[in-house]
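Lettering of chains follows the sequences in order, A, B, ..., and the numbering in each one begins at 1.
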Amino acid sequence: MYKSIEYSQRTHGCGLLNDDNVGDKVKLSGWVNRRRDHGGLIFIDLRDRNGLVQIVINPEEEKIFKVAERVRDEYVLSVEGEVSLRPEGTVNPKLSTGKVEVIAKKISILSAAKTPPFEIVDSLNVDESLRLKYRYLDLRRKEMLSNLKLRHNVTTTVRNFLNSYGFMEVETPYLTKSTPEGARDYLVPSRVQPGHFYALPQSPQLFKQILMVAGIERYYQIARCFRDEDLRADRQPEHTQIDMEMSFITQDDIISLMEEMVKMVFESLDMKLEVPFQRLTYDESMKRYGSDKPDLRFEMELVDISNLAANCGFKVFENVINSNGVVKGINALGCGDYSRGQLDELTKLASVYGAKGLAWMQIIEDGKVKSPIAKFFSEETRNSITDAFKAKPGDLLLFVADEKKIVCEALGQLRLYLAKKLGLIDESKYKFLWVMDFPMFEYDKEEKRYKAQHHPFTSPSKETVSFLDSEPLSVKTQAYDLVLNGVEVGGGSIRIHDRELQRKIFNLLGLSSEEVDEKFGFLIEAFKYGVPPHGGIAIGLDRLVMLLAGKDTIRDVIAFPKTQTATCLLTGAPDKVSDKQLRELNIRLK
RNA sequence: GGGGGCGUGGUGCAAUUGGUUAGCACACUGGCCUGUCAAGCCAGAGGUCGCGGGUUCAAGUCCCGUCGCUCCCGCCA
């Protein structure tokens with residue numbers, strides 16, 4: 001619903017007409033959704049952004065009848081006529097305008113249309129590449145239109161919410177400086193500075209922190225972020241963040257503010273949401289769900305049986321424990337009748353995530369199991385294991401033994417796979433969760449150095465900051481990820497505003513002071529002039545809207561997305577450029 | 001960089017597992033039709049089986065390569 005602009009081409013929206021309009025003389029403009037020609041009578045469903053209405057063309061109106069005979073699907077028409085109640089028995093309850101129809105008095109064809117390469121219908125089944133090439137036709141479909149409307153409604157609600165809390169929307173540059181670590185940058189060559197490049201921002205991170213130094217106090221931006229990494233269903237080379245930053249704020253303040261914001265988004269869509277959201281530490285999340293973004297719409301928690309495996313008699317388990325690994329498992333409820341083939345499939349899945357094998361135990365009846373590894377265990381150990389999983393006859397226990405990270409990830413993925421397969425997930429549910437207390441660093445085996453798990457400006461927690469020198473891997477951060485239904489939809493942190501601490505972190509990351517000056521000097525310099533304690537968060541708009549729209553890919557909530565090979569099928573980008581352009585940029589292709 | 005799936009009229013699919021004229025539905029074109037809304041009925045047009053090479057008497061089908069789309073691993077602070 002929007003204020004009608006009564007201009008000469010249109011007095012009403014097609015889909016907004018109802019029995020209140022009966023008798024009204026209306027002028028409509030839109031596309032021919034469908035024409036039904038009965039020879040002596042023609043119906044046209046006229047579609048605009050508001051929906052459909054049926055136009056009736058009677059043969060007595062000879063002139064317009066002739067025009068209507070020429071009309072085809074997707075022609076653009078201007079129609080003048082009178083709204084009238086449909087005759088008894090011809091009401092269409094499937095249409096919001098189904099009680100009425102418009103008796104045409106005048107029709108003009110504003111634009112003819114080729115037959116589209118696919119039908120403009122709700123339940124469309126065509127290859128996505130065709131939809132992307134003709135995106136303007138795809139977006140005419142109600143489903144896609146409503147996705148864009150949903151996205152617009154979310155950003156509108158967010159803007160209103162943040163404005164009401166005194167946030168200022170500030171734009172930050174798209175042409176900026178390449179920074180080390182993180183994702184691969186998209187580079188833009190400078191013409192006036194030959195051999196120099198801008199980078200498109202992976203996020204407005206540094207600028208928003210500088211805005212805090214500038215005294216903006218509360219900033220937000222619906223910001224485009226660019227990352228030149230391989231694509232996935234939920235990853236595009238450019239994505240949109242609801243990005244914000246606040247001064248004089250604590251982690252809990254930010255969290256409750258976000259909970260209110262998300263709640264308001266849900267309310268604007270007539271959905272209820274319970275706040276506060278559940279919180280899990282990173283360690284607990286990995287331990288119980290094998291993921292730092294667990295889907296909590298179902299249980300099936302991981303169970304650690306390392307203590308039982310330590311001296312169980314099964315060499316594979318024992319060796320893993322002796323080399324500091326773990327043995328964990330999940331109970332695939334009711335999967336005790338899985339065939340060898342099905343078990344092989346699960347094994348294959350586990351191997352994708354690095355597991356060298358998958359052990360299983362089918363529970364046949366109380367105290368009895370079928371399993372290739374059961375023979376290694378004493379009855380006592382076996383019972384302890386089945387007890388640990390609360391296994392009942394008909395259940396299937398799956399075990400992975402390896403280093404901790406692999407065990408958790410493999411089982412976490414099996415957990416998800418099984419839940420989907422077994423229908424354990426209530427698709428109508430929205431389960432939010434905060435994951436917190438992330439480790440500050442992870443050790444990069446290849447590069448033999450520490451890397452920041454979040455980013456190098458993340459503040460360590462007060463409780464663990466003292467471990468920086470002794471055990472860096474034990475240092476936790478004041479960072480928080482927002483997870484919805486197993487999808488990371490946001491993340492942020494309290495930033496470091498102490499220069500000494502920042503220098504120490506850079507040191508631990510192996511950045512020399514020269515490198516720091518070269519890459520972040522402007523931020524360090526800014527921090528010398530009075531920096532307020534600050535923190536922030538960014539919400540992934542595409543992912544959030546994707547989940548709200550019930551879609552499996554963010555491409556469905558982006559007007560013009562790119563394919564997995566990062567091309568735009570509509571425009572043909574990326575493309576070659578002329579020699580002249582290259583010369584001007586001082587670039588020679590190999 | 002790696003693994004899986006798909007590619008046949010405009011669209012979605014089929015084609016006995018190597019066999020003769022590549023079939024079906026929808027869409028499209030024409031005709032008939034005054035109450036349809038997935039309109040109906042009749043007729044018709046439309047194919048370099050993604051592309052290139054190979055095996056064979058014979059390839060949509062088998063082999064090799066390549067391109068496109070897609071899902072995943074790596075990657076994504």
Problem set entry | Sequence-aligned protein contact record of nucleotides 39-45 of chain B, with B where the base is within under 4.0 Å of a protein heavy atom and S where only the sugar-phosphate is | B------
Using distance only, find each side-chain donor-acceptor pair of residues 35-42 of chain A under 3.5 Å and give its atom names and separation, not counting sequence neighbours.
from   : atom 1 : to     : atom 2 : distance (Å)
R35(A) : NE     : V71(A) : O      : 3.2
R35(A) : NH1    : D37(A) : OD2    : 3.4
R35(A) : NH1    : A68(A) : O      : 3.3
R35(A) : NH1    : E69(A) : O      : 3.2
R36(A) : NH1    : D45(A) : OD2    : 2.9
R36(A) : NH2    : D45(A) : OD1    : 3.0
R36(A) : NH2    : D45(A) : OD2    : 3.4
R36(A) : NH2    : Q54(A) : OE1    : 2.9
D37(A) : OD1    : G39(A) : N      : 2.8

For this session: Scan residues 553-563 of chain A against RNA chain B and write down, sorted by residue number, each residue with any heavy atom closer than 4.0 Å; if none is found, say none.
Result: R555(A), T563(A)
For this session: Kindly state which residues belonging to residues 57-72 of chain A come within less than 4.0 angstrom of RNA chain B, counting heavy atoms of the residue only, listed by number.
Result: P59(A), E60(A), R72(A)
For residues 556-575 of chain A, dump all side-chain donor-acceptor pairs below 3.5 Å to protein atoms at least two apart in sequence or in another chain.
from    : atom 1 : to      : atom 2 : distance (Å)
D556(A) : OD1    : R131(A) : NH2    : 3.2
K562(A) : NZ     : E238(A) : OE2    : 3.0
T563(A) : OG1    : T565(A) : N      : 3.3
T563(A) : OG1    : T565(A) : OG1    : 3.1
T563(A) : OG1    : T567(A) : N      : 3.4
T563(A) : OG1    : T567(A) : OG1    : 2.9
T571(A) : OG1    : A573(A) : N      : 3.2

Seminar exercise, completed: Those residues at least two apart in sequence (or on a different chain) that pass ring pair (Phe, Tyr, Trp, His ring centres under 6.0 Å) with Y136(A) are none
Problem set entry | Those residues that, when tested against A233(A), pass side chain to side chain contact (heavy atoms under 4.5 Å, CB included) (two or more places apart) | T553(A)
Problem set entry | T464(A): partners by side chain to side chain contact (heavy atoms under 4.5 Å, CB included), with sequence neighbours left out | S461(A), F467(A), V475(A), K476(A)
Problem set entry | Partner residues of T240(A) under the side chain to side chain contact (heavy atoms under 4.5 Å, CB included) criterion, sequence neighbours left out | R151(A), I222(A), R224(A), L541(A), D542(A)
For this session: Can you run down the ring-ring contact (aromatic ring centres under 6.0 Å, His included) pairs that involve residues 57-99 of chain A, sequence neighbours left out, and say none if there aren't any?
Result: none
For this session: Return the set of residues passing side chain to side chain donor-acceptor pair (under 3.5 Å) with R70(A) (not counting sequence neighbours), or none when no residue passes.
Result: none
For this session: Mind listing the residues from residues 227-235 of chain A sitting with a heavy atom below 4.0 Å of RNA chain B? Number order is fine.
Result: R227(A), E229(A), D230(A), R232(A), A233(A), R235(A)
